[in-house]
Enquirer: 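My questions will all concern the structure given below.
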Amino acid sequence: MTENTHADTPATAADENRLIAERREKLKALRAQGIAYPNDFKVDSFAGDLQAAYEDKDTWSAEAIEAAPRQVAVAGRIILMRGQGKVSFVQMQDGTGRIQLFIHQGTLGEDAYNAFKRWDLGDIVGATGTIMRTKTGELSIKVESIRLLTKSLRGLPDKHHGMADVEQRYRQRYVDLIVTEEARRTFVQRSKIVSHVRRWLEAEPRRFMEVETPMMHVIPGGATARPFVTHHNALDIPLFLRVAPELYLKRLTVGGFDRVYEINRNFRNEGVSTRHNPEFTMLELYQAYATYHEIMDLTEGLIRSAAAEVIGNTVIEWDGATIDVGPAFRRWRMEDAVLELNPEIKPGELRDREAMAAHAKRLGIQVKPSYGWGKLLLEIFEATVEHTLVQPTFITDHPVEVSPLARESDTDKGITDRFELFINGKEIANGFSELNDSEDQAARFQAQVDAKDAGDDEAMHYDADYIRALEVGLPPTGGLGVGIDRLVMLLTGSSSIRDVLLFPTMRPEA
RNA sequence: GGGUCGUUAGCUCAGUCGGUAGAGCAGCGGACUUUUAAUCCGUAGGUCGACGGUUCGAGUCCGUCACGACCCA
């Protein structure tokens with residue numbers, strides 16, 4: 001057998017080990033034969049398609065398959081090998097699924113079979129042969145030729161325990177996707193959900209148009225959140241990664257694109273948790289001549305159709321709760337919800353700043369002098385109501401104080417035409433009738449600037465160009481924001497946002 | 001930011017009362033012509049996250065730090 005010559009094996013990584021060194025020796029031998037990284041293998045079939053085509057074992061018995069011979073060329077990664085002397089079984093995985101390769105020395109020839117025997121788990125191979133069914137009924141490819149297309153230098157994780165360390169699963173997602181079927185399925189689902197959302201929004205009668213607006217803002221706006229800052233060298237100005245696309249999308253509605261949406265990343269300079277990632281994906285849409293009631297209808301329809309068409313069921317298990325997005329979502333005014341779950345608060349106290357401050361203190365909420373009754377109402381809502389909202393619930397009619405971009409109610413001053421959707425205690429969506437009164441918006445911006453001056457570093461900036469756009473005229477418009485990551489969490493039953501982000505933000509490796 | 005838990009072979013994990021580091025898988029050598037986590041025989045593989053302390057002696061006890069998970073703010 002081959003002699004080990006470790007002395008001239010280059011170490012390329014700190015975690016280089018003996019197993020890698022052994023594989024490097026095999027790669028060296030392949031290089032010497034001039035067949036290390038071939039690039040001319042042509043694939044004509046895929047594992048998942050073949051499994052589906054021959055799924056019916058009665059129609060496609062071993063004899064029936066033999067009577068209708070089919071020649072295929074497949075390629076993928078070796079994830080399991082069972083050698084048995086002069087015959088071997090290989091589980092090969094491609095982008096669509098897995099299929100067994102039946103490798104017989106007599107069919108392949110002795111030299112080719114011996115070469116194959118030196119390959120490792122994780123190697124990527126290309127094989128040609130005919131479809132067959134083995135004695136035990138497993139669909140297989142009787143291999144006539146097989147080539148090593150890419151040598152894998154690193155072993156795969158334990159074949160039955162997989163990758164248990166979640167940190168490694170996030171850091172080395174490329175390995176996680178090879179060995180964790182559930183992870184692969186979640187990201188396939190995510191792709192289908194996003195694709196469905198686009199098709200559904202663009203279909204009749206909705207006819208939304210997808211647009212792309214700046215990710216780098218001169219003035220960060222559209223949400224109360226701390227931004228990331230960067231610097232543009234040529235212009236010598238600071239630029240802010242966007243916290244929301246809202247103000248640009250509404251500029252487009254001013255411009256006459258009166259049904260627009262954008263699905264893209266937002267960036268907020270905040271902590272990392274099972275519900276938060278510094279960059280996250282948001283759907284925002286704006287529909288002229290719609291009110292927040294119609295936007296609630298649209299939100300419901302969007303989520304219901306995504307569940308039905310992508311998951312195939314409107315009933316979803318999520319973190320121990322059984323959630324049904326099939327029936328109409330409850331719509332509950334924020335003040336009513338707070339009153340119902342806080343019997344100590346009397347209706348007359350809701351808009352009394354001092355009474356609400358006393359209730360907030362009783363609940364252990366830190367009350368800042370700048371808080372008005374609106375902010376206190378929101379704080380009490382978050383402390384006492386939010387976590388109880390398991391089935392889909394629209395909380396509506398938020399205070400003006402905490403809704404700087406939403407239209408004030410015509411009938412109830414101090415309250416906006418706004419809603420937030422909660423499912424299983426998590427905020428999934430936020431929408432409102434847009435504030436299109438430029439003078440009101442100017443006053444709201446000024447209030448935010450005053451709050452910022454008073455030390456609130458999440459408060460908004462004054463965006464004079466946005467006011468100019470409103471002065472040109474924003475039609476009456478309804479808007480919506482949906483956290484796509486959280487929607488995917490719901491629809492895939494994932495309990496951490498990191499399970500639906502391919503590469504979640506992590507501290508750099510030590 | 002606070003609390004709890006974790007970090008041991010390439011992977012998954014044991015490690016008792018502080019006394020010379022263990023298993024399965026993967027690897028390597030061998031047997032095996034229909035396996036399904038194949039099986040069987042043999043074999044090699046360790047900076048016990050890092051640093052410091054206690055001790056005759058530390059994977060184990062104490063402290064600090066790093067990274068991660070979960071919960072709370």
Side-chain angles (χ1 to χ4, degrees), chain A residues 1-6 11 13-26 51 62 65-66 78-93 98-110 113-114 116-123 129 132-143 151-172 175-176 178-181 270-276 319-320 360 363-368 379 382-383 386-387 425 494-499 504-510:
Chain A
M1 282 291 118
T2 6
E3 271 185 311
N4 283 345
T5 49
H6 290 231
D15 57 348
E16 190 81 12
N17 61 50
R18 192 174 45 81
L19 298 186
I20 294 176
E22 279 163 1
R23 291 188 179 207
R24 280 192 196 284
E25 284 303 315
K26 293 179 182 177
Q51 297 287 5
I65 293 174
E66 207 176 345
I78 296 175
I79 52 165
L80 223 48
M81 276 198 287
R82 294 181 286 273
Q84 170 120 31
K86 294 187 170 62
V87 62
S88 292
F89 301 88
V90 168
Q91 284 288 330
M92 189 207 81
Q93 176 169 288
R98 296 181 175 184
I99 193 159
Q100 177 169 272
L101 306 180
F102 176 74
I103 302 178
H104 177 234
Q105 191 198 55
T107 309
L108 207 57
E110 201 172 333
Y113 189 80
N114 289 340
F116 152 76
K117 285 294 248 181
R118 292 184 42 75
W119 299 350
D120 295 295
L121 287 179
D123 287 351
M132 63 170 283
R133 205 179 278 288
T134 61
K135 211 183 261 179
T136 53
E138 171 125 10
L139 189 72
S140 307
I141 294 168
K142 185 174 187 185
V143 172
K151 183 70 195 165
S152 173
L153 297 177
R154 288 172 183 265
L156 294 176
D158 188 281
K159 66 185 176 188
H160 36 279
H161 295 103
M163 218 173 186
D165 181 346
V166 291
E167 176 189 349
Q168 283 210 51
R169 292 186 48 206
Y170 301 145
R171 289 196 192 280
Q172 298 181 38
V175 177
D176 184 37
I178 293 167
V179 299
T180 313
E181 168 68 28
E270 292 162 359
V272 173
S273 77
T274 50
R275 287 190 289 278
H276 299 88
D319 269 350
L363 291 164
I365 294 163
Q366 200 189 340
V367 177
K368 293 183 183 167
E379 291 282 333
E382 287 177 353
E386 194 173 292
H387 66 276
S494 304
S495 49
S496 171
I497 196 170
R498 294 193 192 100
D499 292 329
T505 302
M506 304 283 282
R507 207 181 285 270
E509 284 182 82

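Protein chains get the first letters and strands the later ones, always in sequence-line order, with residue 1 at the start of each.
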Enquirer: Taking only the C1' atom of each, what is the distance from B:U16 to B:U34 in whole angstrom?
Expert: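 Those two atoms are separated by 46 Å.
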
Enquirer: With both distances kept under 3.5 Å, what pairs with B:G57, Watson-Crick or G-U wobble?
Expert: none

Enquirer: Are the side chain of A:D123 and the backbone N or O of A:S152 linked by a donor-acceptor pair below 3.5 Å?
Expert: yes

Enquirer: Take the protein atom CG of A:L19 and the nucleotide atom P of B:A9, then report the distance between them rounded to whole Å.
Expert: 12 Å

Enquirer: In whole angstrom, what separates A:F89's CZ from B:U33's P?
Expert: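 Taking atom P of B:U33 as the reference, CZ of A:F89 is at 12 Å.
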
Enquirer: Just the rounded figure in Å: distance from P of B:G29 to CD of A:E22.
Expert: 8 Å

Enquirer: What's the closest nucleotide to the side chain of A:A164 if the choices are B:U12, B:U34, B:A26?
Expert: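 Out of B:U12, B:U34, B:A26, the nucleotide with an atom closest to A:A164's side chain is B:U12.
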
Enquirer: Starting from P on B:U7, measure out to CZ on A:R169 and report it in whole angstrom.
Expert: 19 Å

Enquirer: Name the residue closer to the 5' end of RNA chain B, choosing between A:G162 and A:E138 according to the nucleotide with the nearest heavy atom.
Expert: A:G162

Enquirer: How long is the line joining NE2 of A:H276 and P of B:C71, in whole Å?
Expert: 13 Å

Enquirer: What residues form a ring pair (Phe, Tyr, Trp, His ring centres under 6.0 Å) with A:F102, not counting sequence neighbours?
Expert: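 So A:F102 forms a ring pair (Phe, Tyr, Trp, His ring centres under 6.0 Å) with A:F89.
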
Enquirer: Check whether any side-chain N or O of A:Y113 sits under 3.5 Å from a backbone N or O of A:V87 as a donor-acceptor pair, and report yes or no.
Expert: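 Side chain of A:Y113 to backbone of A:V87: a pair is present.
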
Enquirer: Looking only at heavy atoms, what is the nearest atom pair of A:I497 and A:S273, with distance?
Expert: CG2-O, 3.7 Å

Enquirer: On a whole-Å scale, what distance lies between the P atoms belonging to B:G45 and B:A58?
Expert: 24 Å

Enquirer: I need the minimum non-hydrogen distance between A:K117 and A:Q84, along with the two atoms involved.
Expert: NZ-N, 4.4 Å

Enquirer: Where the side chain of A:R171 is concerned, which of B:C67, B:U34, B:A69 is the nearest nucleotide?
Expert: B:C67

Enquirer: Among B:C28, B:U34, B:A44, which is the nearest nucleotide to the side chain of A:R18?
Expert: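 Nucleotide nearest to A:R18's side chain: B:A44.
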
Enquirer: Need one value for A:L156: base, sugar-phosphate or nothing, where a base atom within 4.0 Å counts as base even if backbone is also close, heavy atoms only.
Expert: nothing

Enquirer: Touch check for A:K142, heavy atoms < 4.0 angstrom, all strands: base, sugar-phosphate only, or nothing?
Expert: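 It contacts nothing in the nucleic acid.
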
Enquirer: Check every atom of B:A38, B:A26, B:A69 against the side chain of A:V166 and return the nucleotide holding the closest atom.
Expert: B:A69

Enquirer: In Watson-Crick or G-U wobble terms, both distances under 3.5 Å, what is the partner of B:U43?
Expert: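 Across any shown strand, B:U43 pairs with B:G27.
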
Enquirer: Would you please confirm or rule out a distance under 4.0 Å between OP1 or OP2 of B:A69 and any side-chain N or O of A:R498?
Expert: yes

Enquirer: If B:A21 has a Watson-Crick or G-U wobble mate with both distances under 3.5 Å, name it; if not, just say none.
Expert: none

Enquirer: Hunt down the Watson-Crick or G-U wobble partner of B:C70, both distances under 3.5 Å, from any strand shown, or write none.
Expert: B:G3

Enquirer: Quick one: on RNA chain B, does A:S496 or A:T134 contact a more 5' nucleotide (nearest heavy atom)?
Expert: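 Nearest nucleotide further toward 5': that of A:T134.
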
Enquirer: Could you let me know what B:C32 is paired to, Watson-Crick or G-U wobble, both distances under 3.5 Å, or none if it's on its own?
Expert: none

Enquirer: What's the shortest heavy-atom distance between A:A360 and A:V367, and which atoms?
Expert: CB-CG2, 3.7 Å

Enquirer: Look at the side chain of A:D158 against the base of B:G24 and say whether a donor-acceptor pair falls under 3.5 Å; ignore hydrogens and angles.
Expert: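 It does, because a donor-acceptor pair links the side chain of A:D158 to the base of B:G24 below 3.5 Å.
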
Enquirer: B:U54 and B:A44: how far apart are their C1' atoms, nearest whole angstrom?
Expert: 37 Å

Enquirer: Could you measure between the two P atoms, the one in B:C72 and the one in B:C65, and give it in whole Å?
Expert: 25 Å

Enquirer: For the pair made of CD in A:Q168 and C1' in B:C67, what is the distance, rounded to whole Å?
Expert: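 That distance rounds to 12 Å.
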
Enquirer: With a 4.0 Å limit, can you tell me whether A:R82 has a side-chain N or O closer than that to the phosphate oxygens OP1/OP2 of B:U35?
Expert: no

Enquirer: B:G19 and B:A73: how far apart are their P atoms, nearest whole angstrom?
Expert: 42 Å

Enquirer: Respond yes when some side-chain nitrogen or oxygen of A:K117 is under 4.0 Å from OP1 or OP2 of B:A31, and no when none is.
Expert: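 For B:A31, OP1/OP2 do not have a side-chain N/O of A:K117 under 4.0 Å.
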
Enquirer: State which of B:U12, B:C67, B:A26 makes the closest approach to the side chain of A:K159.
Expert: B:A26

Enquirer: Ignoring hydrogens and angles, does a donor from either the side chain of A:Q100 or the base of B:U35 sit under 3.5 Å from an acceptor on the other?
Expert: yes

Enquirer: Any base atoms under 4.0 Å from A:T274, or only sugar-phosphate, or nothing? Heavy atoms, all strands.
Expert: sugar-phosphate

Enquirer: Ignoring hydrogens and angles, tell me if any N or O in the side chain of A:K159 forms a donor-acceptor pair with the backbone of A:L80 under 3.5 Å.
Expert: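 No.
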
Enquirer: Counting any heavy atom closer than 4.0 Å, what does A:G271 reach on the DNA or RNA strands: base, sugar-phosphate only, or nothing?
Expert: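 Nothing: the residue A:G271, judged by heavy atoms under 4.0 Å, touches no strand.
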
Enquirer: Calculate the interatomic distance between A:R118 atom CZ and B:G29 atom C1'; express it in whole Å.
Expert: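 Rounded to the whole Å, the gap is 12 Å.
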
Enquirer: Looking only at atom P, what distance separates B:G1 and B:C11, rounded to whole Å?
Expert: 30 Å

Enquirer: Can you tell me how far C1' of B:A73 sits from CD of A:E386, to the nearest Å?
Expert: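 Taking atom C1' of B:A73 as the reference, CD of A:E386 is at 14 Å.
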
Enquirer: Using atom C1' of each nucleotide, how far apart are B:G18 and B:C40 to the nearest Å?
Expert: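 Looking at atom C1' only, B:G18 and B:C40 are 40 Å apart.
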
Enquirer: State which residues pass side chain to side chain donor-acceptor pair (under 3.5 Å) with A:E138; sequence neighbours excluded, sorted by chain then number.
Expert: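 For A:E138 the side chain to side chain donor-acceptor pair (under 3.5 Å) partners, ignoring immediate neighbours, are A:Q91.
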
Enquirer: Between B:C67 and B:G15, how far apart are the two P atoms, rounded to whole Å?
Expert: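 Rounded to whole Å, the distance is 28 Å.
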
